[in-house]
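Heads up, the thing below is written out as structure tokens.
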12 protein chains.
Amino acid sequence: MKRKVLVVHGPNLNMLGRREPDVYGEKTLSEINQVMTEYAHQLDISLTAFQSNHEGEIVEAIQAAEDDYQGIIINLAAYTHTSVAIRDAILTLDLPVIEVHLSNIYKRESFRHHSMVSDVVTGQIVGLGAKGYILALSALAEMIPDAEPS
Amino acid sequence: MKRKVLVVHGPNLNMLGRREPDVYGEKTLSEINQVMTEYAHQLDISLTAFQSNHEGEIVEAIQAAEDDYQGIIINLAAYTHTSVAIRDAILTLDLPVIEVHLSNIYKRESFRHHSMVSDVVTGQIVGLGAKGYILALSALAEMIPDAEPS
Amino acid sequence: MKRKVLVVHGPNLNMLGRREPDVYGEKTLSEINQVMTEYAHQLDISLTAFQSNHEGEIVEAIQAAEDDYQGIIINLAAYTHTSVAIRDAILTLDLPVIEVHLSNIYKRESFRHHSMVSDVVTGQIVGLGAKGYILALSALAEMIPDAEPS
Amino acid sequence: MKRKVLVVHGPNLNMLGRREPDVYGEKTLSEINQVMTEYAHQLDISLTAFQSNHEGEIVEAIQAAEDDYQGIIINLAAYTHTSVAIRDAILTLDLPVIEVHLSNIYKRESFRHHSMVSDVVTGQIVGLGAKGYILALSALAEMIPDAEPS
Amino acid sequence: MKRKVLVVHGPNLNMLGRREPDVYGEKTLSEINQVMTEYAHQLDISLTAFQSNHEGEIVEAIQAAEDDYQGIIINLAAYTHTSVAIRDAILTLDLPVIEVHLSNIYKRESFRHHSMVSDVVTGQIVGLGAKGYILALSALAEMIPDAEPS
Amino acid sequence: MKRKVLVVHGPNLNMLGRREPDVYGEKTLSEINQVMTEYAHQLDISLTAFQSNHEGEIVEAIQAAEDDYQGIIINLAAYTHTSVAIRDAILTLDLPVIEVHLSNIYKRESFRHHSMVSDVVTGQIVGLGAKGYILALSALAEMIPDAEPS
Amino acid sequence: MKRKVLVVHGPNLNMLGRREPDVYGEKTLSEINQVMTEYAHQLDISLTAFQSNHEGEIVEAIQAAEDDYQGIIINLAAYTHTSVAIRDAILTLDLPVIEVHLSNIYKRESFRHHSMVSDVVTGQIVGLGAKGYILALSALAEMIPDAEPS
Amino acid sequence: MKRKVLVVHGPNLNMLGRREPDVYGEKTLSEINQVMTEYAHQLDISLTAFQSNHEGEIVEAIQAAEDDYQGIIINLAAYTHTSVAIRDAILTLDLPVIEVHLSNIYKRESFRHHSMVSDVVTGQIVGLGAKGYILALSALAEMIPDAEPS
Amino acid sequence: MKRKVLVVHGPNLNMLGRREPDVYGEKTLSEINQVMTEYAHQLDISLTAFQSNHEGEIVEAIQAAEDDYQGIIINLAAYTHTSVAIRDAILTLDLPVIEVHLSNIYKRESFRHHSMVSDVVTGQIVGLGAKGYILALSALAEMIPDAEPS
Amino acid sequence: MKRKVLVVHGPNLNMLGRREPDVYGEKTLSEINQVMTEYAHQLDISLTAFQSNHEGEIVEAIQAAEDDYQGIIINLAAYTHTSVAIRDAILTLDLPVIEVHLSNIYKRESFRHHSMVSDVVTGQIVGLGAKGYILALSALAEMIPDAEPS
Amino acid sequence: MKRKVLVVHGPNLNMLGRREPDVYGEKTLSEINQVMTEYAHQLDISLTAFQSNHEGEIVEAIQAAEDDYQGIIINLAAYTHTSVAIRDAILTLDLPVIEVHLSNIYKRESFRHHSMVSDVVTGQIVGLGAKGYILALSALAEMIPDAEPS
Amino acid sequence: MKRKVLVVHGPNLNMLGRREPDVYGEKTLSEINQVMTEYAHQLDISLTAFQSNHEGEIVEAIQAAEDDYQGIIINLAAYTHTSVAIRDAILTLDLPVIEVHLSNIYKRESFRHHSMVSDVVTGQIVGLGAKGYILALSALAEMIPDAEPS
């Protein structure tokens with residue numbers, strides 16, 4: 001069976017490529033997901049991408065992940081800085097989780113310098129644009145057990 | 001007519017008993033609700049339990065409570081520390097509200113030491129596990145007017 | 001075509017007029033919307049009012065606004081003080097936005113003195129009750145391009 | 001007898017229109033006063049404008065206001081952030097007072113985010129330029145008793 | 001042999017019922033102790049109540065408790081907020097300890113929001129008046145080993 | 001019956017005149033009490049002086065004061081800065097209380113700048129040496145009801 | 001020659017007795033000055049009272065004091081909390097200065113708890129109403145050299 | 001035409017040489033002005049010195065400077081640490097401004113370590129006594145356009 | 001006459017060796033005192049050990065020390081972090097005082113990192129267990145005048 | 001000509017693999033450099049690795065980099081949290097710089113949560129062990145201009 | 001013998017003129033040293049310039065200065081904000097020291113607003129570019145004893 | 001084989017005895033090392049003393065210690081308060097380390113009250129002058145394994 005990875009995109013990331021391209025880049029979210037899916041395919045990983053603007057939906061997506069996935073990539077966007085609920089959902093998991101930020105959050109408003117989840121995830125990749133997702137996938141691939149023969 | 005009490009369980013409490021049992025105990029949420037319902041029955045109280053991972057749903061459950069209930073027990077979990085919206089919903093009520101936390105929040109991360117609602121509820125019960133709900137119900141029973149004969 | 005303005009009402013504002021009238025006034029939300037609509041009519045503006053208790057829904061309403069509206073009036077209520085997600089949604093817009101608060105937030109709890117959006121909106125009107133919405137509409141009307149002939 | 005409103009302009013506002021037009025707009029103070037006076041006339045209000053760079057003079061203008069005016073509009077400029085004396089003068093009044101700031105003070109230096117008077121005035125209008133004075137006058141007009149027949 | 005519980009009442013609680021009844025209720029300390037003793041009797045628990053205005057005496061009462069009691073209920077009153085010595089005495093124990101506050105300390109002065117012992121006790125019950133002692137006893141009764149037959 | 005005033009001297013004040021005369025003056029405590037007693041005699045007031053190094057004893061002296069005295073003068077010395085228990089004892093009283101400090105506490109270590117009781121006493125006299133006690137007595141004499149004829 | 005004392009009254013104290021009598025008492029400033037003058041006469045002291053709402057005028061009154069007076073009583077009102085300039089003027093003097101506050105500033109807004117001059121004056125008298133001035137005069141009288149025979 | 005420089009001396013500097021010579025040196029203000037004038041003469045600069053204890057007067061002197069001067073030297077003394085109004089007056093100028101402090105403000109009270117204008121002036125010279133004014137003039141002379149032939 | 005040293009042991013140190021041996025070591029207080037007494041004997045010093053759980057008693061023991069001892073060793077335990085009264089008692093002495101802590105207080109709760117007396121004692125020895133007392137005695141022996149022949 | 005990348009390893013990283021393998025992994029620095037070199041070879045990049053325990057040497061290595069390299073990978077270890085000098089050296093460069101941390105610094109002491117360089121580098125990779133260097137190289141390879149044919 | 005002055009240039013100042021000319025000016029360090037040497041020659045002062053990127057080397061240069069120099073000019077650059085070691089080296093000197101900063105550090109990142117040495121040097125010159133060194137030399141020349149005849 | 005102890009002296013300690021003898025005593029570093037060596041000889045310990053003004057050299061001396069020494073005494077002087085690099089070097093060791101400070105750092109500037117290494121060393125000895133080194137050696141001698149017969 002193939003290894004499976006969940007990618008969680010937080011609020012306003014559905015606007016990627018359409019607004020503030022100087023901050024977040026010019027790729028749309030579906031373009032980013034497309035590139036990730038292709039790279040996942042090379043790594044023999046099945047990738048599911050999920051986007052929501054609702055904190056509660058993200059909580060539930062993460063709660064449901066443990067049974068179906070071997071690793072998670074999260075870009076919580078605004079909820080990075082405010083959500084204890086998502087932190088708690090991550091705490092209930094026993095999976096590797098990598099936090100990605102497209103922009104360098106340390107060059108922005110000071111409230112963006114603190115992440116509510118940074119100390120409960122495995123690692124972070126910050127400021128490297130859409131490439132950050134690919135790197136996260138590369139790192140996850142080394143952490144999760146190889147697919148067993150079906 | 002019977003007195004009615006609403007119990008509001010916040011985000012991730014649907015995972016009770018399944019994850020981190022060393023922190024939150026081994027009972028599932030439905031087991032806890034079952035025990036509470038039985039105890040409510042002894043006190044001649046009708047108990048409704050509600051769980052949500054969505055801040056907005058909790059706001060609305062509390063808004064709707066005043067007409068149907070004489071008291072509320074809340075365990076807001078992660079939203080304890082971040083939700084002004086739920087605080088405001090409580091402020092619109094004229095009912096006794098008791099805040100319950102299963103774990104001793106003062107033994108955990110410092111951001112869990114502060115509750116956004118502690119000064120607008122009637123009282124708190126902290127760190128006594130599922131027993132805390134029973135104690136809250138016992139306290140509420142003394143605060144709310146006896147059921148009038150139907 | 002008529003100019004269009006979106007009014008976004010945040011959590012618990014659906015309770016206006018029914019709870020805490022000493023803080024928020026005695027008008028219900030639909031009465032306020034009615035008065036605004038009439039005044040908008042005088043200004044030859046088409047006004048849409050939206051209320052939600054859900055942060056994610058407000059994010060999405062604001063995301064969707066740019067294509068359909070020339071200006072926005074927001075009263076984020078509790079989310080004023082906590083929502084980075086709504087701030088980010090506003091940042092993706094290129095429209096004038098005016099923040100309104102019914103009560104004087106500086107006379108209330110200290111956590112209400114800080115707004116997460118005050119530095120990304122055009123201006124604020126605070127403490128002038130339902131009149132504040134009318135003033136905001138008056139200000140917006142001067143900022144947005146006149147309706148072109150259809 | 002006509003209703004009377006006092007407008008108090010604080011330090012450096014005598015330079016309006018001549019310096020930093022990108023921050024404060026291009027209208028001079030006398031042009032702003034002229035527009036206000038005309039609008040006051042429509043509302044059947046007699047308007048007096050006062051500007052001073054001296055904290056003590058502003059204190060005394062406010063002390064003297066109660067006997068002669070039914071409402072006050074203040075733009076304390078720099079003294080907004082430092083003057084307890086003006087706050088105390090306002091506290092001795094029993095009149096509605098509306099605080100106006102031409103620029104959005106939340107987009108500027110952090111020491112400008114705090115007003116020493118915001119919790120002792122009726123309301124604030126911030127960041128709407130010279131239009132803010134007109135809106136303040138509109139709001140005041142609804143708050144103060146109608147002129148009695150002379 | 002019967003299970004034994006020690007109740008420690010801190011400074012000024014000897015004044016209960018005589019001063020500030022709006023804050024602390026109308027029951028005197030001996031009335032509260034009487035009610036607790038009766039309830040303890042129902043639970044087959046032997047209860048000893050101790051009050052002192054002296055930090056050192058409270059330290060010593062707690063030091064001496066381990067040999068004679070199976071659980072402790074404490075209301076440290078003012079010493080809640082200042083006493084490291086009592087915290088240290090609790091740390092030397094291996095007994096369940098429940099902290100009780102009659103009033104909701106979060107509605108009072110900010111220095112009362114922090115307890116020096118909250119993270120070294122088992123749990124807290126706050127703001128439920130004299131009923132809080134009864135609930136604490138109920139909780140303790142479930143935590144401590146049943147009395148062995150004498 | 002004569003009016004009665006209690007003077008409470010806090011920790012280390014028994015050393016007055018013997019240690020650090022440059023800070024606290026050269027008069028011993030009994031000399032100060034003697035001068036106060038004489039001045040009280042002129043005002044037809046009966047004065048009782050009490051000194052203790054024990055927080056609990058001071059709590060109890062204040063608790064007991066209401067029945068026997070019409071006013072209190074306190075110099076809590078070190079406990080000024082740390083004692084919530086004494087603050088609480090004062091809160092249970094319904095008597096005028098004047099706080100005295102021999103030295104100017106604002107010229108000393110920063111932790112001495114804050115008094116735990118300053119907002120629950122009637123007034124303070126600071127930095128005027130032993131004369132401060134006399135002034136406090138003078139002020140109290142005007143606040144407390146005249147002695148009724150015996 | 002008679003000893004001379006200067007009394008400096010700060011901003012808004014010209015309104016005493018006319019506004020907020022519950023905070024500052026019912027006596028007007030001239031009544032207070034009258035009582036002080038009479039008491040000064042008993043002490044064979046010549047008293048000059050000065051009031052200003054202007055920080056600069058108070059600075060200059062204090063600068064000029066050393067040549068003409070042997071002691072100063074100041075109630076800086078609002079400037080207590082903000083004026084480094086008046087602090088510096090006091091620092092240039094070599095005279096005893098006593099700071100008086102009519103109300104108990106520790107029962108009011110937190111910014112009133114700090115005085116910019118408390119560590120450069122001789123002592124403070126706080127919260128004892130107009131009586132505070134009399135006590136200050138009494139204290140000063142003991143500090144300044146007796147009048148020499150003329 | 002000669003280049004012109006304005007020197008603004010803040011509150012209490014009129015006392016220079018007469019009070020606290022160990023802090024501020026023994027030269028009077030007029031002696032300092034005399035030395036500066038002579039040095040300005042060498043540089044072919046016309047120098048005007050202005051001293052005021054009134055914040056408002058300093059604001060106005062700075063407002064008026066742009067038309068008549070090519071550079072400003074300021075020693076705001078106490079207003080350095082408190083005046084937003086003077087900062088705003090400087091902000092309206094388009095001239096080089098050099099801030100001078102006679103004493104090393106970093107060796108004094110901590111509130112003197114912060115200047116409200118340091119980030120809006122060209123540079124600072126601190127702790128070099130009256131020589132600091134001469135150095136400031138020397139620096140200004142290099143910054144301002146040479147006098148054109150009259 | 002022999003030199004004399006007082007050792008003051010603070011609250012809960014009477015429990016040494018019986019509770020939390022992993023933090024404080026396995027020696028009881030009397031064993032520690034015994035070892036110190038023997039070492040003192042070698043140094044020809046007479047040693048008195050005193051333990052109390054009462055802040056007031058420790059204050060009084062220190063007050064009384066100057067006449068009878070040439071040096072003091074203190075381990076104030078919990079009172080290290082809270083007692084201004086003991087600090088003040090030390091300030092009245094003119095003797096060398098060495099502060100000892102058995103455990104390394106910097107590895108424990110953050111409130112234990114600050115000592116209220118560290119800047120008024122001669123020196124500190126921290127984290128070296130019971131050996132710390134011996135080192136303190138060795139250091140004191142070099143600081144205090146040799147015993148004179150009796 | 002080949003593209004060139006400099007890798008800068010900060011203080012104590014020469015101990016990698018020999019000390020605290022649970023925190024930093026079991027690979028030695030030369031093993032890590034070997035793996036990076038091999039991966040660089042695949043990317044047709046020439047990689048130079050540099051380690052120093054001296055802040056000044058790291059400053060100079062970075063100063064010298066611009067002429068010889070097209071990109072830099074830095075793991076500043078302890079200097080991450082303290083070095084303004086290295087930050088300034090980076091600021092003088094016009095090259096992409098990626099910051100790597102082997103361990104998740106947010107799970108460690110709070111002073112490690114802040115990086116002095118995070119806002120002046122291109123991006124960060126944190127908590128992914130030695131793999132982080134490989135990911136950084138992969139990201140750099142996409143940012144720097146392809147090697148021109150030699 | 002000639003008077004001698006040491007100039008210490010801190011880290012990254014060897015890059016002057018080559019990087020970030022908009023912040024630090026276009027002159028190279030050797031050009032600045034050349035101009036200083038010429039001006040020193042006019043003042044009959046022998047000037048030695050020293051630059052290092054190593055904190056320890058700067059410490060040692062300052063330690064060695066007292067025997068050979070009569071005054072020091074320092075621009076510690078990044079070490080200004082972090083080095084206690086250099087502060088301590090300055091504290092061991094008995095020479096006048098003037099701190100120079102080329103740029104106005106108050107217009108830059110907030111961590112640059114604080115200097116670790118500002119309260120142990122004689123004075124500071126900030127924001128006046130390379131001219132600042134010349135002014136510092138001019139000030140030093142007046143402070144140090146004239147050269148004695150050789 | 002003899003037990004071996006390393007003594008590390010930090011920056012500016014090479015100046016001991018020559019500068020600021022009132023703070024650090026009159027002994028030179030070589031005199032202190034001589035006394036320590038003699039005392040070590042008595043304890044059958046071989047002692048090596050090392051001094052450096054360079055953070056990097058101290059890091060390396062500590063890195064190298066584990067193979068050759070059984071214990072370390074450090075006086076990091078200025079680096080006590082700033083060096084994470086030295087802290088990290090200590091963390092890589094598995095040896096007892098005792099921190100010594102000659103002066104009582106709590107009587108000095110507030111930035112000296114915090115040590116970056118206090119929670120990673122075994123213990124501290126503060127304020128006891130050169131005697132502190134001897135005491136540290138005495139404590140170390142008890143902690144490290146006896147020399148084996150060679």
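- In the displayed structure, B:Asp94 atom CG is contacted under 6.0 Å by at most 12 heavy atoms of other residues, nucleotides or ligands.
- Rounded to the nearest 0.5 Å, atoms CG (E:Leu137) and CG (B:Leu135) are 10.5 Å apart.
- No more than 12 heavy atoms of other residues, nucleotides or ligands lie within 6.0 Å of CD in B:Glu26, so this atom counts as exposed by the packing criterion.
- Each of B:Ile125, B:Asn104, B:Leu128 was checked for a side-chain contact (heavy atoms from CB on, under 4.5 Å) with E:Gln124, and the lone residue meeting it is B:Asn104.
- E:Ile98 touches chain B through its side chain: at least one heavy atom from C-beta onward sits under 4.5 Å away, while N, CA, C and O do not.
- Neither the backbone nor the side chain of E:Glu99 comes within contact range of chain B, judged by heavy atoms closer than 4.5 Å.
- Scanning all heavy atoms of the two residues, the minimum distance from B:Lys131 to E:Ser138 falls at NZ-OG, 3.0 Å.
- If you check the side chains of E:Lys107 and B:Ser118, you find no donor sitting under 3.5 Å from an acceptor.
- Interatomic distance, E:Met116 CE to B:Tyr106 OH, rounded to the nearest 0.5 Å: 14.0 Å.
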